[in-house]
Amino acid sequence: MAETLTQSAADAEDVDHGRRFLFWWLGISIVATPLVAIFLGPAIPPGHGTVEAAGQVVDNTVLVAISTPVCAFVLVMLAYTLTKFRSRAGVLEDGEPIRGNNRIQVLWVAITTVTVLFLAGFGSYELVSDGAGGGQGPSAAFTPVGYQKALDVQVIGQQWQFTYRYPSAGGVETPDLVLPENTLVRFHVTSLDAIHSFWAYELGVKADANPGVDNIAYVTTKGPLTFHVRCAELCGLWHGYMDDVGHVVSQSDFSAFLAKEKAVYAPIMKYLPPYAKTYLPDPQQRAG
């Protein structure tokens, strides 16, 4: 009789622990998740300077919102375990062997499966909708609406700088990246030597620059913007200094920029190869 009462009390205590943990976890999750989604998510980079960048902010907001209950579960479990089940003074005894709980196992598999499938579907939809600003190789699989009329800009990586070529302006090549506002841009990213990575941070664009490859990435600009360009692939001794600052400007300022660059670089245009998707590097130039 005494053993039965003891077992019943232990079972009741086990139920109480589960209910207490669930109460704390749900309470913290219900409060923290909307706070994270409303205040933290929109503040996550890269910002809202382009359509692609804004889409990445939405993606990051969804991810941190879904991660919040998961993090709360781990932290509450840790705090509750350290508080309620820590080693106390007295004789140490082994707990009862637990051989599984079908209800918890089914719930665990169901919740994790639904979460993973939702994230897979959401991520696929976002990727298809705007390409997410990533390089898609010579034949882009995910193209935005109106891509046929996109402004082509070539990004050429070389040790240790990026240069930019505008086929719509006769193939003029400039050391500065300037884009017009409210325009769909198609980047053609390539390299003359080592593997580089064109990362226009605030634009939400990142595409590898591989020699002999035309890596296409789309971006839709909004209003005027100053953005930073970095190489995100270890490419040699001066990799850390391979950065630049670009600008999104008005249509009139962009036209003036192209006219100025064509005038400045006209004397050396004859030395440039004709505009192409990729170039064969000059071995003498590569050797310095």
Side-chain angles (χ1 to χ4, degrees), residues 44-47 49-57 59-60 63 123-124 126-144 147 150-167 171 173-179 183-221 225 227-248 272-273 275-283 285-287:
I44 297 177
T50 67
V51 171
E52 286 70 22
Q56 291 171 28
V57 172
D59 298 342
N60 292 332
L63 289 175
S124 299
E126 289 292 280
L127 179 63
V128 172
S129 64
D130 59 21
Q136 303 182 56
S139 301
F142 309 121
T143 53
Y147 73 95
L151 172 68
D152 288 310
V153 177
Q154 188 172 56
V155 179
I156 305 171
Q158 52 195 302
Q159 294 174 316
W160 284 272
Q161 66 176 345
F162 287 109
T163 56
Y164 311 96
R165 204 163 185 186
Y166 297 84
E173 183 176 344
T174 74
D176 302 309
L177 178 56
V178 177
L179 304 173
T183 302
L184 175 61
V185 179
R186 178 169 43 234
F187 287 116
H188 297 269
V189 184
T190 189
S191 170
L192 291 182
D193 39 50
I195 297 176
H196 304 276
S197 185
F198 171 65
W199 183 26
Y201 180 71
E202 290 84 356
L203 296 183
V205 174
K206 186 175 183 295
D208 288 342
N210 298 308
V213 177
D214 175 31
N215 197 7
I216 293 176
Y218 288 94
V219 66
T220 304
T221 61
L225 175 71
F227 57 89
H228 297 82
V229 176
R230 295 183 176 89
C231 178
E233 186 77 28
L234 184 60
C235 59
L237 182 63
W238 300 109
H239 161 73
Y241 293 90
M242 193 170 171
D243 55 23
D244 194 6
V245 176
H247 303 277
V248 177
L272 287 178
Y275 176 80
K277 299 297 178 60
T278 60
Y279 307 94
L280 294 176
D282 184 342
Q285 291 182 349
R286 291 185 60 179

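The figures that follow rest on heavy atoms only: side chains count, while hydrogens, waters and symmetry mates do not. Given the structure is predicted, the values throughout are model-derived calculations rather than measurements.
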Can you tell me if D244 uses its side chain to pair, donor with acceptor, with the backbone of H228 under 3.5 Å?
no

Under 3.5 Å, is there a donor-acceptor pair between the side chain of Q154 and the main chain of A276?
yes

Are the side chain of D59 and the backbone N or O of G123 linked by a donor-acceptor pair below 3.5 Å?
no

Could you report the tightest heavy-atom contact between A232 and K206, atom names first, then the distance?
CB-CE, 3.6 Å

Does a donor on one side chain sit under 3.5 Å from an acceptor on the other, for Q158 and Y279?
no

Where do G157 and F162 come nearest, in terms of heavy atoms and distance?
CA-CD2, 3.7 Å

Minimum side-chain heavy-atom gap P138-K277 below 4.5 Å:
no

So which heavy atom on N215 is nearest to which on G137, and how close?
OD1-N, 2.7 Å

Flag the pair N210 / I195 as yes when at least one side-chain heavy-atom distance between them is below 4.5 Å, and no otherwise.
yes

Does E202 use its side chain to pair, donor to acceptor, with the backbone of P46 at less than 3.5 Å?
no

Side chain to side chain donor-acceptor pair (under 3.5 Å) partners for D152, two or more places apart
R186, H188

Can you sort out the partners of V153 under side chain to side chain contact (heavy atoms under 4.5 Å, CB included), two or more places apart, ordered by chain and number?
L151, Y166, L177, L179, V185, F187

Sorted by chain and number, sequence neighbours left out, salt bridge (Lys or Arg N to Asp or Glu O under 4.0 Å) with D243 holds for none

Would you say the side chain of T50 lies within less than 4.5 Å of the side chain of T220, judging by non-hydrogen atoms?
no

Mind checking side chain to side chain donor-acceptor pair (under 3.5 Å) for Y201 and listing every partner two or more places apart, or none if nothing turns up?
none

Report the distance from atom CD of Q136 to atom CZ of F142, rounding to the nearest 0.5 Å.
6.5 Å

Shortest non-hydrogen contact between G49 and L225, atoms and distance:
CA-CD2, 3.9 Å

Within this structure, what is the OH-CD1 distance for the pair Y164 and I156, rounded to the nearest 0.5 Å?
10.5 Å

Can you measure from CD (Q161) to CE (M242) and round to the nearest 0.5 angstrom?
7.5 Å

List the atom of A140, the atom of Y218, and the distance in Å for their closest heavy-atom pair.
CB-CE1, 3.9 Å

Once side chain to side chain donor-acceptor pair (under 3.5 Å) is applied, do any residues pair with D208, and if so which ones, sequence neighbours excluded?
S197

So do the side chains of Q159 and H196 get within less than 4.5 Å of each other, counting heavy atoms only?
yes

Under a 4.5 Å cut-off applied to non-hydrogen side-chain atoms, are D193 and P211 in contact?
no

With A200 via side chain to side chain contact (heavy atoms under 4.5 Å, CB included) - residues at least two apart:
F198, L203, V205, F227, V229

Minimum heavy-atom distance between G134 and A217, given as atom pair plus value
O-CB, 3.9 Å

Rounded to the nearest 0.5 Å, what separates atom CD in Q56 from atom CG in L63?
11.5 Å

